[in-house]
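Worksheet: the structure to be examined is printed underneath.
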Amino acid sequence: MGKEILCGVVPAIFIFLLFLGVNITPFVVFAAVLTAIYFLVVRQGQGNQLALGGKKKNSKHAVPKSTIQFADIGGQERAKKELKEALDFLVYKDKIEQYGIRPIKGVLLTGPPGTGKTLMAKAAANYTNSAFVAASGSQFVEMYVGVGAQRIRDLFKEVKTLAEKNGQDSGIIFIDEIEVIGGKRDGQQQREYDQTLNQLLTEMDGITTSDKPRILVMAATNRKDMLDSALLRPGRFDRHITVDLPDKSAREQILTIHTANKPLADDVSLEKVAQETFGFSGAQLESVANEAAIYAMRENSEKIEARHFAFAVDKVMLGEKVDREASFEEKKRVALHELGHAIMSEIARPGSVSQVTLSPRGKALGYVRQNPLEDRYLYTKEALEKQIMVCLAGAVAEEIYYGGRSTGSKNDFEQALDMAQEIVQSGMSRLGIVHLQYADKTQIHEEVNRLLEDLLEETRVLLRQYDVVFQTGVSTLLEAEVLQGDEFRELMARVKQAEELVG
Ligand code: ATP
């Protein structure tokens with residue numbers, strides 16, 4: 001407040017002196033020097049205080065007490081079991097001492113984003129009645145040398161103080177994104193991160209069985225391959241727990257947890273939603289439950305219905321509906337493209353198309369919604385080839401009706417390329433088993449291209465037989481924007497009947 005008054009009063013005095021005809025130049029110079037000194041000394045001092053772990057920014061790693069228990073984490077049964085076993089070392093400390101076992105000092109949680117690693121750490125703190133402080137690797141990255149190391153020291157001090165204050169026997173320090181400070185050291189250049197990492201290792205080495213409170217460091221990363229081996233050796237982060245994407249039953253459990261406080265209509269089957277969300281993380285499933293509730297609220301619907309969940313899954317998968325108004329020609333091209341995917345999908349897996357839609361969502365101008373498959377972790381060559389053909393079919397349809405492709409197929413080609421590479425790398429191509437390190441890159445590239453060219457040709461031959469479906473489908477889509485799976489299958493059946501008549 002004082003600063004604001006000063007900013008108003010000083011110019012006013014200068015104007016007044018000027019008005020009286022006084023030469024104000026010396027005053028202005030003096031004021032400028034004072035301001036410069038203020039910024040150089042006072043602000044710099046504040047900066048250092050922040051950077052050097054001064055009270056302002058740094059002492060607040062304590063996380064508001066959370067009530068998360070292991071029961072609030074859906075699925076992850078194996079990870080929870082392994083973590084609980086590791087935590088028993090904190091809980092049954094007398095026994096550990098009796099057997100002369102060295103304490104577990106660090107637990108590393110690895111897995112994709114949003115799978116519940118932070119939840120696990122919070123649940124661990126409640127399970128063991130420990131004080132809990134958390135920080136993220138990126139918070140240690142500073143331009144001031146030595147600040148990161150100071151912050152590590154502060155973190156250990158803070159957890160001890162917090163545990164003492166709460167009368168707890170143990171404390172858990174959680175460091176998210178550990179790869180930021182724990183990346184591999186090349187041994188040549190001394191980086192600021194190295195000091196931070198060294199400090200963490202020193203602090204961890206200092207943890208003993210008789211410490212009061214007992215400290216456990218938990219860290220999370222989705223890039224374990226990047227971590228320095230010094231972090232992973234026995235006595236440091238020697239318990240590695242994988243927190244993976246949830247399988248179908250875990251997805252259902254997560255959805256159950258996140259819909260427990262929501263009014264669900266009778267037609268909602270969380271099992272079906274779980275089936276439709278293969279590859280979703282816990283965080284995405286939480287978002288599906290939340291978005292479904294938002295759709296229901298917007299419609300003033302008393303309960304959340306199955307269709308709200310269908311909208312929510314589409315939104316989380318593809319992004320929000322957008323108002324981008326495409327031209328008639330563009331819409332027609334997109335309709336043909338999507339029908340290409342849908343026809344090929346039905347040929348590859350009858351009954352697989354749930355809906356073809358011609359409304360822009362996220363980056364897509366249209367999309368085909370497929371009926372869910374069982375979770376699959378293994379693919380044969382034939383299964384991969386069929387999926388590649390489904391991906392290529394959009395571009396093939398454009399070629400048939402427009403004589404060329406458009407940028408709309410870029411994403412499809414990326415997926416098709418990934419799968420073709422999978423075929424080659426899994427030893428299912430003409431090249432046999434290949435060692436990627438020694439194999440000739442051009443040879444692999446040629447094999448992937450040959451695979452794709454063959455499948456493109458096969459897709460062309462198949463799609464040309466479905467002109468009736470393309471023609472009728474396009475008019476329906478341009479008019480109604482949506483073609484339901486059953487309607488679509490009827491169209492496909494007409495072609496089959498006509499073929500039989502001719503045959
Ligand atoms: P990141 O690697 O991005 O830090 P993370 O693995 O630490 O992610 P969390 O922060 O633990 O993920 O999870 C984010 C949110 O996702 C949670 O707050 C919760 O709502 C939901 N979530 C994730 N996994 C689960 C799960 N297994 N059960 C219930 N909710 C979950």
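A quick note: this is a predicted structure, and the numbers were derived from the prediction, not measured. Atoms within a ligand are numbered from 1 in the order they appear, just like the ligands themselves.
- Using a 30° and 60° split on the angle between ring planes, Tyr127 and Phe70 fall in the perpendicular class, above 60°.
- Side-chain atoms of Glu481 and Ser359 include no donor-acceptor pair closer than 3.5 Å.
- Atoms of ligand 1 found under 4.0 Å from any heavy atom of Gly116, numbered from 1 in the order shown, are 5 (P), 6 (O), 9 (P), 11 (O), 12 (O), 23 (C), 24 (N).
- Looking only at heavy atoms of the protein, atom 27 (N) of ligand 1 is closest to Gly74 O, 2.9 Å.
- Among Gly282, Ser136, Ala289, the residue whose heavy atom lies nearest to atom 21 (C) of ligand 1 is Gly282.
- Remark: the Ser136 side chain and the Glu177 side chain contain an N/O donor-acceptor pair separated by less than 3.5 Å.
- Counting atoms of ligand 1 from 1 in the listed order, those under 4.0 Å from a heavy atom of Asp176 are 4 (O).
- When heavy-atom distances to ligand 1 are checked against a 4.0 Å cut-off, His258 comes that close only through its side chain, counted from C-beta outward.
- The closest protein non-hydrogen atom to atom 16 (O) of ligand 1 is Ala283 CA, 3.1 Å.
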Inset, instruction - Show the numbers, then the answer: is there a salt bridge (charged side-chain N to carboxylate O under 4.0 Å, His left out) between Lys272 and Glu276? - result: CA-CA 6 Å; Lys272 189 159 171 278; Glu276 286 182 349; 3.6 Å; yes

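- A side-chain N or O of Glu203 and one of Gln199 form a donor-acceptor pair less than 3.5 Å apart.
- Residue contacts with ligand 1 for Thr118 involve both N, CA, C or O and side-chain atoms from C-beta outward (heavy atoms, distance under 4.0 Å).
- Using 4.0 Å as the threshold, Gly114 has a heavy atom nearer than that to some atom of ligand 1.
- Between the side chains of Gln415 and Asn411, no donor N or O sits under 3.5 Å from an acceptor N or O.
- At distances below 3.5 Å, at least one donor-acceptor pair connects side-chain atoms of Arg251 with backbone N or O atoms of Pro246.
- A tilted orientation is assigned to the rings of Phe311 and His308, their planes being inclined by 30° to 60°.
- Within ligand 1, the atoms closer than 4.0 Å to a non-hydrogen atom of Asp72 are 29 (C), numbered from 1 in the order shown.
- Residue contacts with ligand 1: Gln76 is placed with no nitrogen or oxygen under 3.5 Å of a nitrogen or oxygen of the ligand (distance criterion only).
- Interface of Ile73 with ligand 1, defined as ligand atoms under 4.0 Å from a residue heavy atom, comprises 26 (C), 27 (N), 28 (N).
- Lys117 NZ, 3.0 Å is the protein heavy atom nearest to atom 2 (O) of ligand 1.
- Distance from atom 25 (C) of ligand 1 to its nearest protein heavy atom, with residue and atom name: Leu119 CD1, 3.8 Å.
- Contacts with ligand 1 closer than 4.0 Å are made by side-chain heavy atoms of Glu286 only, the backbone lying farther away.
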Legend entry - Criterion salt bridge (charged side-chain N to carboxylate O under 4.0 Å, His left out) on Arg239 and Glu82, from CA distance to verdict: CA-CA 9 Å; Arg239 288 290 154 123; Glu82 278 180 41; over 6 Å; no

